[in-house]
Amino acid sequence: MRWSQAFIPTLRDDPADAEAVSHKLLVRGGFIRQLMAGSYSLLPLGKRVADKITQIIRDEMNAIDGQEFELPVVHPGEIWKKTGRWDNVEGILVKFKDRKDTDLLLAMTHEEIFAFVASELSSYKQLPQMWYHFQTKFRDEARPKSGLLRVREFVMKDSYSFDIDEAGLDVQFQRHRAAYVRIFERLGMSVIPVAASSGSMGGSESIEFMVESSAGEDIIAVCSSCDYAANLERATSRVPVATDEPWEGDIERVATPDIRTIAQLAAAFEFASADRQIKSLAYIVDGQLTLVLVRGDHDVQEQKLIDGFGTEHIRPAHPEEIQEALGAMPGSLGAVGVTHLPVVADPALEGRSNMITGANEDDWHVRGVDIGRDIAVGRWLDVRAVTEGERCPDCDGVLALERTIEIGHIFKLGTYYSVPLGASVLDADGKEKPIVMGSYGIGIGRNMAAVVENSHDESGIVWPVNLAPYEAVITVVKIADEPSMAAAEEIYRGLLEAGIDVIIDDRNERPGVKFADAELVGIPYRITVGPRGLAEGIVEVVRRSGGDVARIALEEAAAHVASAVTTERF
RNA sequence: CGGAACGUAGCGCAGCGUGGUCAGCGCGCCGGCUUCGGGAGCCGGGGGUCGCAGGUUCGAAUCCUGCCGUUCCGACCA
């Protein structure tokens, strides 16, 4: 490719509406342009990178016996009604009608359609199967942001496994896990697989693949000394066993005028430090007001409530609802003596005594509370958000919290989709059994952005050779100088013959402009050809990553760079 | 969905308070000359229904109303 003929619209200034580094650099480097909120056009450079990511994923999917499909992006509503998602998925699912007034939708994922195709399977002898495709998804996200990191329309590689039983699913799940680790390695990212919440749509186990980034939206807890890592949505930790000072006798009322918060109470009474308090939160769970108790210095992780109760219909109760149910306002709530409402408590409270909590009467608390004796806990449920510095649940290490981007996610689905869609086979005994499914996704654009988040400097993007839109650029310092052009053309031909993705910068621009563009775009190797070097028979080879400069004889330049590029590919 | 900000040339912005040569600047773009190893200089150009629609006014980028769009914080995110 000749740069003078290429459409590579680089910009000097950051786009005004970009915040994330990857967003700024991908726009400035001429990789993407926004069409509307959460929707981007891939320009030639962006398309080249996306294709390389796609090919790496395809390789690895094929390596675990995946078979590539291509399913439609517009689906009949009917199929989604069978699994319930037509009605259950709120907001992000775009529905519309065709001219015959048939309900249609834009695919936000493809479980239904793959399961529908899989209903053609009839015998356990045909299993296992592993199917995948690269296809556009549309999710009408309430808040797209950060360029390619969170969009509404995007291409995802999603694969689906089909097995006769859980044991088979385990195998496919583990194969995917290993394949994903290889994929992210080849994309140049150090990935952290973490245990994740599987959401409410079926599924027993899920692993998210996270990469550290300040632009990320997820927080994970990582152990300093073992391989424990989990999304904060389900991370756990060991809480040191508390030894409560003994309290003789019954609970005692304490007047606490105008005290509404844990901190105020702790400040007011020396016996009421936050870890001695019981925080009582009122949630509406499936329409039922429910008390959720955690230690005063702990916070509730709402996803744990959702997972624990198995419903997404959870929200904090309104003050009026609380007043009606408990006779007091938030700030004075407690579960002592509460038997008419479900009470859920975090295990960190188990066995505690001599605690203090709200009296369900404004301006009053009670002290001397023994959880086992005084509170009718209906269910112990880990609902607590882990915090930085707590002890690892698996070893003696300490947990650190890290902000991350989710770049892949694998799920065990079970029979959630196969049952309603009739995807079943006969087993060896001639009995009909629903196919056990798994689903596994990687977003192409988000991965492109994640790589940029992790690999850039002040000058621009630093692509790994595996993803670079061009692996080498030949920068002709002075195109009017005929020996320079001739030498550059010679190297160009040599690299093309060696199968290197090369672009020759033959623009009539000043050298500084070309250098800056090459760095912004992030091409791994730059060969600078100019009169100064040619006078000595050499050209310069600059490595984008690290900036090493090598002076190479003109005749050897193409072979030198071809060899460097080839050894870096994997 | 709650809160906030913004919308003027391809990009980045000023101008709106106190309506009237306010249609402007920088970069980019086109032509010319000089330059040419880190985002050149000079000269000359092209380019905008001031997001859209109403309204107020003799007169609206500027004031009022409505709408649309984009971004940020939060909620949400199979």
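Predicted, not measured: the structure shown is a model, and the values here were computed from it. In what follows, chains carry the letters A, B, and so on, assigned in the order in which the sequence lines appear, proteins first and then strands, with residues in each chain numbered from 1.
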Nearest whole angstrom, please: distance from the [atom2] of [N] to the [atom1] of [X].
{"X": "A:E302", "N": "B:C77", "atom1": "CD", "atom2": "C1'", "value": "14 Å"}
{"X": "A:R507", "N": "B:C36", "atom1": "CZ", "atom2": "P", "value": "19 Å"}
{"X": "A:L520", "N": "B:G38", "atom1": "CG", "atom2": "P", "value": "18 Å"}
{"X": "A:R315", "N": "B:G2", "atom1": "CZ", "atom2": "P", "value": "17 Å"}
{"X": "A:E141", "N": "B:A75", "atom1": "CD", "atom2": "C1'", "value": "13 Å"}
{"X": "A:K24", "N": "B:U71", "atom1": "NZ", "atom2": "C1'", "value": "13 Å"}
{"X": "A:R150", "N": "B:G74", "atom1": "CZ", "atom2": "C1'", "value": "13 Å"}
{"X": "A:L232", "N": "B:C77", "atom1": "CG", "atom2": "P", "value": "15 Å"}

Interatomic distance at [atom1], [N] relative to [M], whole Å:
{"N": "B:A60", "M": "B:C52", "atom1": "C1'", "value": "16 Å"}
{"N": "B:U35", "M": "B:C42", "atom1": "P", "value": "16 Å"}
{"N": "B:U18", "M": "B:C77", "atom1": "P", "value": "46 Å"}
{"N": "B:G47", "M": "B:G31", "atom1": "P", "value": "16 Å"}
{"N": "B:A53", "M": "B:U62", "atom1": "P", "value": "12 Å"}
{"N": "B:G66", "M": "B:C29", "atom1": "P", "value": "43 Å"}
{"N": "B:G39", "M": "B:G28", "atom1": "P", "value": "12 Å"}
{"N": "B:U49", "M": "B:A4", "atom1": "P", "value": "33 Å"}

Go through the structure and list residues passing side-chain contact (heavy atoms from CB on, under 4.5 Å) with A:R260, not counting sequence neighbours. A:Q264, A:S332, A:D362, A:D363
Please tell me whether [X] and [Y] have a donor and an acceptor in their side chains that are separated by less than 3.5 angstrom.
{"X": "A:T10", "Y": "A:D517", "result": "yes"}
{"X": "A:H23", "Y": "A:Y40", "result": "yes"}
{"X": "A:E153", "Y": "A:S39", "result": "no"}
{"X": "A:Q303", "Y": "A:D307", "result": "yes"}
{"X": "A:Y283", "Y": "A:E302", "result": "yes"}
{"X": "A:S159", "Y": "A:H176", "result": "yes"}
{"X": "A:E402", "Y": "A:T404", "result": "no"}

Does the pair A:D103/A:K97 count as a salt bridge with the N-to-O cut at 4.0 Å? yes
Using a 4.0 Å heavy-atom cut-off, does [X] contact any base of the nucleic acid, only the sugar-phosphate backbone, or nothing at all?
{"X": "A:G533", "result": "base"}
{"X": "A:A516", "result": "base"}
{"X": "A:M36", "result": "sugar-phosphate"}
{"X": "A:R28", "result": "base"}
{"X": "A:S146", "result": "sugar-phosphate"}
{"X": "A:E519", "result": "base"}
{"X": "A:R33", "result": "nothing"}
{"X": "A:E540", "result": "base"}
{"X": "A:T475", "result": "nothing"}

Under 4.0 Å from OP1 or OP2 of [N]: is there any side-chain N or O of [X] that close?
{"X": "A:R143", "N": "B:C72", "value": "yes"}
{"X": "A:Q34", "N": "B:U71", "value": "yes"}
{"X": "A:K145", "N": "B:C73", "value": "yes"}

Among residues 1-14 of chain A, which contact RNA chain B at a heavy-atom distance under 4.0 Å? A:R12, A:D13, A:D14
Check whether the ring centres of A:Y470 and A:W3 lie less than 6.0 Å apart, and answer yes or no. no
As a test of reading the structure: which of [options] is closest to the side chain of [X], going by heavy atoms?
{"X": "A:R526", "options": "B:G37, B:U70, B:G38", "result": "B:G38"}
{"X": "A:A16", "options": "B:U70, B:C77, B:C13", "result": "B:C13"}
{"X": "A:P15", "options": "B:G12, B:C29, B:U70", "result": "B:G12"}

Upstream residue (5' side of RNA chain B) when A:P531 and A:H23 are each assigned their closest nucleotide: A:P531
If you assign A:K514 and A:A142 each to the RNA chain B nucleotide with the nearest heavy atom, which residue ends up on the more 5' nucleotide? A:K514
Name all stems that contain residues of RNA chain B, defined as runs of 3 or more consecutive Watson-Crick or G-U wobble pairs, both distances under 3.5 Å. B:1-7 with B:68-74, B:10-13 with B:24-27, B:29-34 with B:40-45, B:51-55 with B:63-67
Is any side-chain heavy atom of A:L25 closer than 4.5 Å to a side-chain heavy atom of A:L520? yes
Describe, in one word, how the ring planes of A:H133 and A:H110 are oriented to each other, choosing from parallel (under 30°), tilted (30 to 60°) and perpendicular (over 60°). perpendicular
